[in-house]
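Input: a single structure, listed below in C-alpha cells.
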Amino acid sequence: MKILIAEDTLSDRMLLRFHLAKLGHQVSEVQNGEELVNTLKDSYYDWDLLIVDLNMPIKSGEEAAREIRALQTDSPEDWIPIIFLSGSGTDEDIQRCIEAGADDYLIKPIQHKVLAAKLLAMARIANMRNRLVSMNKRLEALSTTDYLTELPNRRAFEISLTDEMAKAARYEQALSVAVLDIDHFKRINDEYGHDVGDEVLRQVSARLKSSLRKGDVIGRIGGEEFGLCLSHTSAEDAVNACERYRKAISGAPIICGEHKLNLTVSLGVTAYCDNLGQLELIKLADKALYEAKAKGRNRTIY
Ligand code: GH3
Ligand code: MG
Ligand code: MG
C-alpha cells in the first residue's frame, strides 16, 4: 500500500516508517494536519491509507480528518482508510476521532504486530472497495452499450441527446438530429437468416462508427435503426454529414462469409430549436425518414 503518515514527533515517524517499510509498504510523511490536508488536495488518489496522529501542531489529526472527509464525494472510489494514533485513548477521544472520519484508532506505544494486523484488515476492505468500483464500471458500460453492435444503446443515446440539447439551448449553438434506417433489412434476414442479419448490423455499425465526426454521437435506437446527434451542426451541414454516412454504407458491399451484400440506408434529419422536446425532435427526424423511404429510399431528407 502507499501510506501517508502525519506525525509531528520525529522518533515516532521514523519508527513507523521502519516497520511499515519492512512490511513492504511505500511510505511518505508529513508533520502536521495542515500539510496532510494540502498533500491530499494535490494528490488525493495517490494514497491507499492514512496514518494520522491525533495531537499535532497547526492542525490536529481530528480537524484534518474532517477536512479530508469533506473533500471526498460519496462514491466508493473516494474512500481512503484513516487510522488514528494517539498517546491518549479515552473513550471520548476515540469517539470524536471516529466521528471525524477515522476508521480505526491505535494507542501509542504502537504494538507493531497489531498495526500489521489492522493494515491487513484495511487492505481487505480496500480490496472489496476496488472490486465494487470496477463492478460498477462494468455495470455502467453494460447498461449503456448495445450488446450486438457495441454502440451506445437507446438509453445512452437519449442521455447524450438531452445533454447536447441543454448545451445548444444555453450557448445558442446549432444542433441537428438524424435517424438512419437500413433499407429492406427484413429481406436480409428472410434470404440469408438471422445470423447474417446480425453480422450485417455489426458491420454497418462498425462502418458508421469509423465514419463518425468528432463530436457526433451515434446510437442503436431500434432493431436496424440508428440515431445521430450532430452537435454544432446546422441542418444544411447535417444533410452533408448524413450523406457521408449514407455513402459509407452504400459505397462498398458488406461481406458476410460467401455473401456480398449491397445495402443502402435512408436518413431523416431535423434541426433543434429551443422549444422542441426530445420526443418531438426524434419524431420530426422520423417523419423525414418516412419521407425518404416513400421517395424511394437510399437518400437523406431534411
Ligand atoms: P424499410 O426499408 O422500410 O426500413 O424495410 P425493412 O425491411 O428494413 O424494415 P422492417 O421494419 O419491415 O423490418 C426490420 C427488420 O429488422 C425486421 C426485424 O426482424 C429485423 N431486426 C430487428 N432487430 C434485429 C436484430 O437484432 N437482428 C436481426 N438479424 N434482425 C433484426
Ligand atoms: Mg429498415
Ligand atoms: Mg426500421
Mind checking whether [X] and [Y] have side chains closer than 4.5 Å, heavy atoms only?
X	Y	result
Tyr245	Ile218	no
Asp12	Leu85	no
Thr39	Asp46	no
Leu175	Cys229	yes
Arg297	His184	yes
Ile3	Leu16	no
Leu106	Ile51	no

Atom [atom1] of [X] with >12 non-hydrogen neighbours under 6.0 angstrom:
X	atom1	answer
Lys2	NZ	yes
Lys287	NZ	no
Glu150	CD	no
Arg244	CZ	yes

From the options Val265, Asp146, Leu180, Val179, select the one residue that forms a side-chain contact (heavy atoms from CB on, under 4.5 Å) with Phe226.
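Exactly one pass, corresponding to Leu180.
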Strictly distance-based, threshold 3.5 Å: is any side-chain N or O of [X] a donor or acceptor partner for the main-chain N or O of [Y]?
X	Y	value
Arg207	Ala248	yes
Glu63	Lys59	no
Thr9	Ser11	no
Glu77	Val133	no
Arg129	Trp79	yes

For [X] and [Y], which heavy atoms make the closest approach, and how far apart are they?
X	Y	result
Gly101	Ile82	O-CD1, 4.1 Å
Ile94	Gly89	CD1-O, 3.9 Å
Ala271	Tyr302	N-CE1, 4.0 Å
Ile221	Gly227	CG1-N, 3.7 Å
Gly197	Asn189	CA-OD1, 3.4 Å

With no hydrogens and no angle check, do the side chains of [X] and [Y] hold a donor and an acceptor under 3.5 Å apart?
X	Y	value
Ser75	Asp78	no
Ser231	Gln173	no
Ser266	Asp183	yes

Using a strict threshold of under 4.0 Å (side-chain N to carboxylate O), is an ion pair present between [Y] and [X]?
X	Y	value
Arg96	Glu99	no
Glu140	Lys137	no
Asp103	Arg69	yes
Asp53	Lys108	yes

Do Leu228 and Leu161 sit in the same hydrophobic cluster, where Ile, Leu, Val, Met, Phe, Trp and Tyr count as joined when their side-chain heavy atoms come under 4.5 Å apart?
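Different clusters.
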Shared hydrophobic cluster for Leu139 and Ile159 (ILVMFWY, side-chain gaps under 4.5 Å):
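In one cluster with Leu139: Ile159, no.
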Separation of Leu212 CG from Leu230 CG (nearest 0.5 Å)
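Here the rounded value is 9.0 Å.
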Test salt bridge (charged side-chain N to carboxylate O under 4.0 Å, His left out) on Arg202 and Glu199; report intermediate values, then the result.
CA-CA 5 Å; Arg202 273 193 287 264; Glu199 177 56 22; 3.2 Å; yes
